[in-house]
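To start, the structure itself, in structure tokens.
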There are 2 protein chains.
Amino acid sequence: MGRKALYTRDQFVDAALKLLAEGGPGSVTIKAVAEETGAPVGSVYHRFLSRNILLAELWLRIIDLFQVEFLEALAQGDGLRAALYTPQWVRKHPKEGKVLLMYRQEDLASGTWPEDIRERALSLREELNEGIRSFVKHRFGRVTEQNFSRAVFALFDVPHGAVRRYMEVDTVPPKQVDDLVRETYDAVMGGDR
Amino acid sequence: MGRKALYTRDQFVDAALKLLAEGGPGSVTIKAVAEETGAPVGSVYHRFLSRNILLAELWLRIIDLFQVEFLEALAQGDGLRAALYTPQWVRKHPKEGKVLLMYRQEDLASGTWPEDIRERALSLREELNEGIRSFVKHRFGRVTEQNFSRAVFALFDVPHGAVRRYMEVDTVPPKQVDDLVRETYDAVMGGDR
DNA sequence: CCTATACTAGAATATGGATTCTAATATGTC
DNA sequence: GACATATTAGAATCCATATTCTAGTATAGG
């Protein structure tokens with residue numbers, strides 16, 4: 001029943017991703033998304049209630065994509081692999097990587113979110129925290145504020161920080177970044193402690 | 001000659017800083033800046049040719065503020081102090097810190113810049129590179145791509161990465177961050193190498 | 001072949017914000 | 001005191017973008 005669709009939700013999200021990676025949030029206008037896809041603006045609105053929701057969808061998709069494998073590595077207790085996952089992932093997904101690092105509270109904060117989306121976002125954050133928490137427990141025996149922060153630093157903040165400058169100028173982080181992340185991981189998470 | 005000024009450039013820049021730190025780039029409208037200052041929009045435009053230029057002024061001011069002391073530490077050959085400078089600085093200047101980390105090429109990239117501003121920006125970047133280069137030379141004997149990257153990682157990327165998550169939610173980085181930055185610095189820059 | 005419907009098309013509308021403009025207002029100078 | 005001018009004031013303009021709306025179109029099901 002009904003006409004065959006010429007454009008899918010995914011196509012619009014893809015277009016938004018491309019625009020976001022290339023020109024930042026400001027360049028993701030509905031008109032631009034439509035043009036990028038070859039669709040009329042009406043069709044974009046047929047799929048997405050609003051621009052904000054389209055963007056939210058995009059963030060969620062990317063965060064999810066990143067997080068799944070990251071958590072897998074963690075679940076196996078392989079912290080180093082998880083730490084190295086960031087540089088590797090952004091090499092494999094440059095556009096997504098750029099957007100992941102570009103992500104700012106503020107970008108999503110504007111406007112109010114449907115229950116649906118807020119929930120998915122919360123759930124993602126919870127999964128991540130839970131994953132780290134259980135890794136920390138496995139690694140250190142118990143979870144304190146101290147060693148939780150330590151793990152976040154080694155697993156997340158350092159890899160992201162190391163990779164950011166490259167993504168910002170649309171280049172891929174060089175191999176050396178992995179060495180530095182590794183050295184840091186070993187120094188901060190290694191030994192007895 | 002002429003009327004006494006009620007509002008200065010600095011007042012507008014301060015207002016912009018506050019707005020930027022609180023609500024991100026989108027919330028820095030000329031109207032908002034004017035209201036925050038108690039001035040009419042006309043007076044803002046009397047001081048700044050455009051919103052872009054006001055923002056550029058703000059970025060430059062902050063980057064300069066940050067960089068001066070950072071380079072001083074480096075010039076004394078005190079790399080660790082330079083690495084620890086970031087967490088300390090953002091504690092001292094929370095709004096500026098937030099904005100410094102919020103800074104995105106894209107925010108300045110939109111629109112075209114007066115020669116004047118482009119020059120100041122380039123000059124800042126040059127000073128920074130030069131400072132790091134000479135520190136690297138002093139520390140490692142010679143400057144290679146490898147050890148330059150290593151220094152940037154330890155002096156910049158790690159401290160910034162470590163501090164970011166706190167600034168994003170308007171909190172001050174805890175003391176532990178300094179420990180982690182130090183441990184990383186020692187691991188990455190310490191020893192013979 | 002008819003109908004309901006999912007979707008395409010893109011024009012019309014609404015809004016927000018940057019920038020411009022015109023008119024007043026002080027203040028130092030002559 | 002009159003002039004020139006820097007500045008205040010804020011209304012008017014312009015423009016880009018989100019969102020809405022109205023019409024047409026293709027397709028599955030009967």
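Below, chains carry the letters A, B, ... as their sequence lines are ordered, and counting in each starts from 1.
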- side chain to side chain donor-acceptor pair (under 3.5 Å) evaluation trace for B:Gln11 with B:Arg47: CA-CA 10 Å; B:Gln11 283 181 74; B:Arg47 301 292 181 187; over 6 Å; no
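- Ion pair A:Arg150/A:Glu145 not flagged as a salt bridge, since none of the NZ, NE, NH1 or NH2 atoms sits closer than 4.0 Å to an Asp/Glu carboxylate oxygen.
- For the OP1/OP2 pair of C:dA9 and a distance below 4.0 Å, the side-chain nitrogens and oxygens of A:Tyr7 include at least one atom meeting the criterion.
- The side chain of A:Lys4 lies closest to D:dT27 when the candidates are D:dA18, D:dT27, C:dT8.
- Both A:Met1 and B:Val28 sit near DNA chain C, but only A:Met1 has its closest nucleotide nearer the 5' end.
- B:Phe48 has its CZ atom 16 Å from the P atom of C:dT20, to the nearest Å.
- To the nearest angstrom, C1' of D:dT8 lies 13 Å from CD of B:Gln11.
- Two residues, B:Gly42 and B:Ala5, neighbour DNA chain D, and the one matched to the more 5' nucleotide by heavy-atom proximity is B:Ala5.
- Regarding B:Phe12, its CZ atom lies at a distance of 11 Å from the P atom of D:dT7, rounded to whole Å.
- Residue B:Val41 is the one, among B:Val41 and B:Gly2, whose nearest nucleotide of DNA chain C lies closer to the 5' end (criterion: closest heavy atom).
- Going from atom CG of B:Leu49 over to atom P of C:dA18 covers 15 Å, rounded to whole Å.
- Protein atom NE2 of B:His46 is 18 Å distant from nucleotide atom C1' of C:dA18, rounded to whole Å.
- Not one side-chain nitrogen or oxygen of B:Tyr45 sits closer than 4.0 Å to the OP1 or OP2 atom of D:dA11.
- Among C:dT8, C:dG17, D:dA18, the nucleotide with an atom closest to any side-chain atom of A:Thr29 is D:dA18.
- Considering A:Leu124, A:Val90, A:Thr86, A:Leu71 in turn, A:Thr86 is the only one that fulfils the side-chain contact (heavy atoms from CB on, under 4.5 Å) rule with A:Phe66.
- Rounded to whole angstrom, the span from the CG atom of A:Leu54 across to the P atom of D:dT17 amounts to 15 Å.
- Tracing side-chain contacts under 4.5 Å through hydrophobic residues (I, L, V, M, F, W, Y), one never reaches A:Val68 starting from A:Leu74; they form parts of separate clusters.
- The phosphate of C:dA18 (OP1 or OP2) has a side-chain N or O of B:Arg51 nearer than 4.0 angstrom.
- Comparing D:dT7, D:dA18, C:dT8 against the side chain of A:Ile30 picks out D:dA18 as the nearest.
- Following rounding to the nearest Å, B:Lys31 (NZ) and D:dA9 (P) show an atom-to-atom distance of 17 Å.
- OP1 or OP2 of C:dA6 has not a single side-chain nitrogen or oxygen of A:Arg47 nearer than 4.0 Å.
- Counting only distance, with no hydrogens or angles, the side chain of B:Asn147 and the backbone of B:Arg142 share a donor-acceptor pair below 3.5 Å.
- The distance from atom CZ of A:Arg3 to atom P of C:dC7 is 10 Å, rounded to the nearest whole Å.
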